[in-house]
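Heads up: the structure comes next, in structure tokens.
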Amino acid sequence: MKGRGCWETASVRSFCSSGCLNKFKKDDSGDDEDGTPSPADKSELHGTIRSLSLKLDDLGTCNELVAKHGVALQRSLNELDGLRVPAESGEKLKAVSERATLFRITSNAMINACRDFLELAETHSRKWQRALQYEQEQRVHLEETIEQLAKQHNSLERAFRSAPGRAANPSKSFSEGSLLTSRGEDSEEDENTEYFDAMEDSASFITVITEPSEDRKAEPGTTGSVEWTADNMLDDASLVPQGPPKVKRRVRIPDKPNYSLNLWSIMKNCIGRELSKIPMPVNFNEPLSMLQRLTEDLEYHQLLDKAARCCSAAEQMCLVAAFSVSSYSTTVHRIAKPFNPMLGETFELDRLEDMGLRSLCEQVSHHPPSAAHYVFSRHGWSLWQEITIASKFRGKYLSIMPLGAIHLEFQASGNHYVWRKSTSTVHNIIVGKLWIDQTGDIEIVNHKTQDRCQLKFLPYSYFSKEVARKVTGVVSDSQGKAHYVLSGSWDEQMECAKIVQSSPSSPSSDGKQKTVYQTLPAKLLWKKYPLPDNAENMYYFSELALTLNEHEEGVAPTDSRLRPDQRLMEKGHWDEANTEKQRLEEKQRVNRRRRLEACSRGCGVDEAEKEAEVYVPLWFEKKLDPLTGEMACVYKGGYWEAKEKQDWHMCPNIF
């Protein structure tokens, strides 16, 4: 027994002092050489080292206590050993004594290992600081070099253009790759020129901002030979709402309760399944339905009111593009899932007095979930869409893909715009902080003039130098000539800049060729409204979202405001809301089985086709879309007349 105890003691000493710790040092040193140093603040590193030092002092105190009590224990064991005890008890006392010695040695080894770890942390912190300082110096040097090269390139372009025998043709000079204005000003322009990289489909382009006038001494506001249109519809001042709303709406809802929930216990059996077919508790929801979320797209309807007064189709396209981007601004913090509407559920937004529009949504299909939407504005435009939500849970993230075309028509000009939504992705579903991103391309087409706008939503990347949530775009006419460059972010604002001239640049080393756009200074198209006070406790709802579930008299009995589980959740009664949600879903399943049984007699089509043939939307009807070639639900009328008469006898009992 004694020999075995000595062997264990030697093993612990060897493991803690030499082999294990030396291997740790070697591996850590190798990581420092191969990996990229993490940029950390110097004070934060010192604070970390101070914390480690304090912890090491605590461990030293513990070690002294362990040593003190260990000596006392050893003394007690020696006293017991001196007593007259049977032989068997003596062996056990020796074993206990050896264990106590081993425990003291192990504690000492742990303290030594912690001290070595602190020394390593101090050593590597100095390496990290030196590496960070070196990277910062290199970056500054590189930026200065690039700036100098750009200025030298501009000087060479001017010298080449003004050389003897060159024709004074600025447009020809641009076609050969110049990055300057058509007048070729000197270094003053170099100081004010800004360069931006963006994407136009797969080919990148560069934007060069120039002064709006030919004469540098002209009064501010003059535009020289290239002007904005006389009506100045892109002036950002007109984006400010005019006066208070005529109808007082609520400005807050009850705060969100703090209920804990084991997400993984629910999600582990849902991987790869259609999200709409997964039974979800209201803990994952926000107290709005998908129909109300769809109506939230109208928060910045002033952009379309303004676009209806545009005389220029290109300027109108800019405002329509800004409107299409603005619909995503409410989603940046909105990671909760809206309620899946019941089949036949509706939602109206009757705001003729303050917003000048009327909106109606109806859930026209349950599997797949599909909603039809129609908006009429007395400011001269109408919008309609049928959106089918396809969603997949992939374990780490959730993809939400809205399918279907959005139509927008202006009555005065007859311009008819069509586009589709981008893909939304919710990240860190299981572990980490949830966050949402918008990715993909959007093409907006004016089917009357064939003008187009290509919008690109750049995916967020931790290693990207681009602004987070960046959106870029180009507005071009039917001949493919670019007129405006759009830039901004989908959660903050969008700007547009009028293109004065464009030309291809010289091919890069990889063979790709950039397009150079010379533009006037950018003008603000849209800027996000600030969130209400205490928004973080109200599901990050905007001012419009706070009013969508407010109780209103005279709405249809199928309106989302009357949905009981959603109302209970808004009031904070989540347990009752879950019970009510299960009741409504079971009621919907019973109604669905009845419809399928009624049509199954003598019918050989599959289940989905049966349901499609049996259920007929109340306020919308299926028609062939001549522009997209798809079948889509369009508003057939009758809702607002029924509301005026308060005649809802045709509405189903879904709640």
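Under the 4.5 Å side-chain criterion, counting only non-hydrogen atoms from C-beta, Arg249 is in contact with Asp354.
The only member of His447, His416, Gln385 that meets side chain to side chain donor-acceptor pair (under 3.5 Å) when paired with His407 is His416. Just one of Thr295, Leu548, Leu546 meets the side chain to side chain contact (heavy atoms under 4.5 Å, CB included) condition when paired with Leu288; it is Leu548.
Although no hydrogens or angles enter the test, the distance criterion places a donor-acceptor pair under 3.5 Å between the side chain of Gln646 and the main chain of Lys643. The backbone N or O of Val555 lies less than 3.5 Å from no partner atom in the side chain of Asp559, so there is not a single donor-acceptor pair.
A salt bridge does not link Arg561 with Glu550: every distance from a Lys NZ or Arg NE/NH1/NH2 to an Asp or Glu carboxylate oxygen is 4.0 Å or more. For the pair Glu621 and Lys623, the salt-bridge criterion is met [side-chain N within less than 4.0 Å of a carboxylate O].
Ring geometry for Tyr529 versus Tyr300: interplanar angle of 30 to 60°, hence tilted. Between Tyr374 and Tyr635, the ring-plane angle classifies as parallel under the 30° and 60° cut-offs.
You'll find the ring centres of Tyr639 and Trp648 inside the 6.0 Å limit. Taking the six-membered ring for Trp and the full ring otherwise, the centers of Phe457 and Tyr328 sit less than 6.0 Å from each other.
A donor-acceptor pair shorter than 3.5 Å cannot be found between the side chains of Arg469 and Ser329. For Asn415 and Gln316, the side-chain atoms include at least one donor-acceptor pair closer than 3.5 Å.
Between Cys633 atom SG and Glu362 atom CD the span is 8.0 Å, to the nearest 0.5 Å.
Remark: Lys470 fails to qualify as a cation-pi partner of Tyr460 under the 6.0 Å distance and 45° angle criteria applied to the six-membered ring.
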